[in-house]
Amino acid sequence: MTIKLYRVLSQFRSTNVNDIPHKPAAKMSARNPDPAKVELRKQIADAIYKMTTEEKERQSKIVFNKIINHPYYKTANRVAIFMSTDQEINTAPIISHIKSRGGSAFVPQYAGGIMRMLKLEVGDEDAMPLTRHGIAQHSKDQKREDALDAGLDLVIAPGVAFTPDGGRVGHGGGYYDRYIANLRSNPKTAPKVVAVAFNCQVLDKVPMNDLDQKLDGVVYAGCD
Ligand SMILES: Nc1nc2c(c(=O)[nH]1)N(C=O)[C@@H](CNc1ccc(C(=O)N[C@@H](CCC(=O)O)C(=O)O)cc1)CN2
Ligand SMILES: Nc1ncnc2c1ncn2[C@@H]1O[C@H](COP(=O)(O)OP(=O)(O)OP(=O)(O)O)[C@@H](O)[C@H]1O
């Protein structure tokens, strides 16, 4: 009844836009993603798809050298990294480097919106099941040290698109944003966070909202 009356009366209202009841902007969520991020993810996926295996390996080697010489890495003992897919910088040499110098490498185990970082023990990489996104991770019943038990010194993060000053768009799960936000909730123990990227993933500008965590650095091959 009230609604019908509103509809009748509203026909006689002026058409000034300020009179139109304001509908709040749709809240972004995993089910209702930012269209600009969706489009950007498609563009970057396409650009990476077009790269040859040799070019991916070339850039991955440069990134490896930059990481192992990076000041954040040199002082880090407990490092969160990720098990890369063929569409990402190859992290295997970085993982080997962390372990061979006596550090601990932790990798994501994600499911249902929650991500943990679990320690890679000797041989783990060769026997990890793949998720439905083709990412190797520890199975649910593997008991491994959680990175948060004694904290992290450095997070080396994946993502889709970045800006040189630390802007980041990921795959849309919000996993890293939540993980980093949690680490940063205690500024005294918060680790540095850097991403590794192919050149085509680094742009002048990327869409960011207030939940998106800015990174402390983005390591990519660049022009050299
Ligand atoms: N190698 C690697 N490991 C990683 C990540 C990564 O980016 N790279 N992640 C970085 O965060 C986490 C997994 N990220 C995910 C991000 C989004 C969805 C997701 O919601 N996928 C949708 C389909 C999206 C699409 O196809 O475009 C789905 O399953 O419905 C799943 C995992 C943890 N491990
Ligand atoms: N700190 C947070 N707390 C709660 N929800 C969050 C947080 N950060 C991001 N989200 C939610 O996660 C979802 C996906 O966010 P977004 O598209 O920015 O993910 P992404 O950074 O691209 O993905 P990922 O970090 O997994 O690579 C959105 O619904 C967003 O609101």
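Note that ligands are numbered from 1 as they come in the structure, with each ligand's atoms numbered from 1 the same way.
By the neighbour-count criterion of 12 heavy atoms within 6.0 Å, atom CG of Asn69 is densely surrounded, having more than that number from other residues, nucleotides or ligands. The number of heavy atoms from other shown groups lying within 6.0 Å of CG (Asp86) does not exceed 12.
Every pair passing ring pair (Phe, Tyr, Trp, His ring centres under 6.0 Å) that includes a residue from residues 158-198 is listed here, sequence neighbours excluded: Tyr110-Tyr175.
Using 4.0 Å as the threshold, Gly172 has a heavy atom nearer than that to some atom of ligand 2. Not a single heavy atom of Gln213 lies less than 4.0 angstrom from ligand 2. Contact annotation: Arg41 has at least one heavy atom less than 4.0 Å from an atom of ligand 2.
Ionic pairing of Asp46 and Lys42 is not present here: no N-O contact between side-chain nitrogen and carboxylate oxygen is shorter than 4.0 angstrom. A salt bridge between Asp212 and Lys37 is present, with a side-chain N of the basic residue lying under 4.0 Å from a carboxylate O of the acidic one.
For the pairing with Thr163, the side chain to side chain contact (heavy atoms under 4.5 Å, CB included) check across Val206, Asp204, Val202, Leu215 returns one residue only, Val206.
Of all atoms in ligand 2, numbered sequentially from 1 with element shown, those under 4.0 Å from a heavy atom of Gly170 are 20 (P), 21 (O), 22 (O), 23 (O), 27 (O). Of all atoms in ligand 1, numbered sequentially from 1 with element shown, those under 4.0 Å from a heavy atom of Tyr176 are 9 (N), 10 (C), 11 (O). Remark: ligand 2 atoms within the under-4.0 Å shell around heavy atoms of Arg168 are 21 (O), 24 (P), 25 (O), 27 (O). Near Pro158, meaning under 4.0 Å from one of its heavy atoms, ligand 1 places the atoms 5 (C), 6 (C), 7 (O), 8 (N). Numbered from 1 in the order shown, with element, the atoms of ligand 1 that lie under 4.0 Å from a heavy atom of Gly173 read 16 (C), 17 (C). Every atom of ligand 2 with a heavy atom of Lys37 under 4.0 Å away is listed here by number and element: 16 (P), 17 (O), 18 (O).
Here Tyr73 pairs with His97 under the side chain to side chain donor-acceptor pair (under 3.5 Å) rule; sequence neighbours left out.
Any N or O atom pair closer than 3.5 Å counts here, and Ala181 shares no such pair with ligand 2. Residue Arg132 has at least one N or O atom closer than 3.5 Å to an N or O atom of ligand 1. Inclusion of Tyr110 in the set of residues having an N or O under 3.5 Å from an N or O of ligand 1 is not warranted. Between Tyr176 and ligand 2, at least one N/O pair is under 3.5 Å apart. Where the criterion is an N or O separation shorter than 3.5 Å, residue side chain and backbone included, Val169 fails it with respect to ligand 2. At least one N or O atom of His133, backbone or side chain, sits closer than 3.5 Å to an N or O atom of ligand 1.
Comparing Gln87, Met83, Glu88, Met117 by heavy-atom distance to atom 8 (N) of ligand 1, the nearest is Glu88. The nearest non-hydrogen atom to atom 8 (N) of ligand 2, considering only Asp210, Asp212, Asp177, comes from Asp177. Closest to atom 34 (N) of ligand 1 by heavy atom, among Gly174, Gly159, Pro108, is Pro108. The heavy atom nearest to atom 7 (O) of ligand 1, considering only Lys42, His171, Arg116, is found in His171.
Under the 3.5 Å distance criterion, the side-chain polar atoms of Asp177 are left unmatched by any main-chain donor or acceptor of Gly174.
Here the CD1 atom belonging to Ile95 is positioned 5.0 Å from the CD1 atom belonging to Ile81, to the nearest 0.5 angstrom. Of the inter-residue distances, the one linking Arg78 atom CZ with Lys119 atom NZ reads 7.5 Å to the nearest 0.5 angstrom.
Of all heavy-atom pairs between Gly113 and Arg178, the closest is O-NH2, 2.9 Å. Shown here for Gly222 and Asn199, the closest heavy-atom pair between the two residues is N-OD1, 2.8 Å.
The part of Met115 lying near ligand 1 is the side chain, judged by heavy-atom distances below 4.0 Å.
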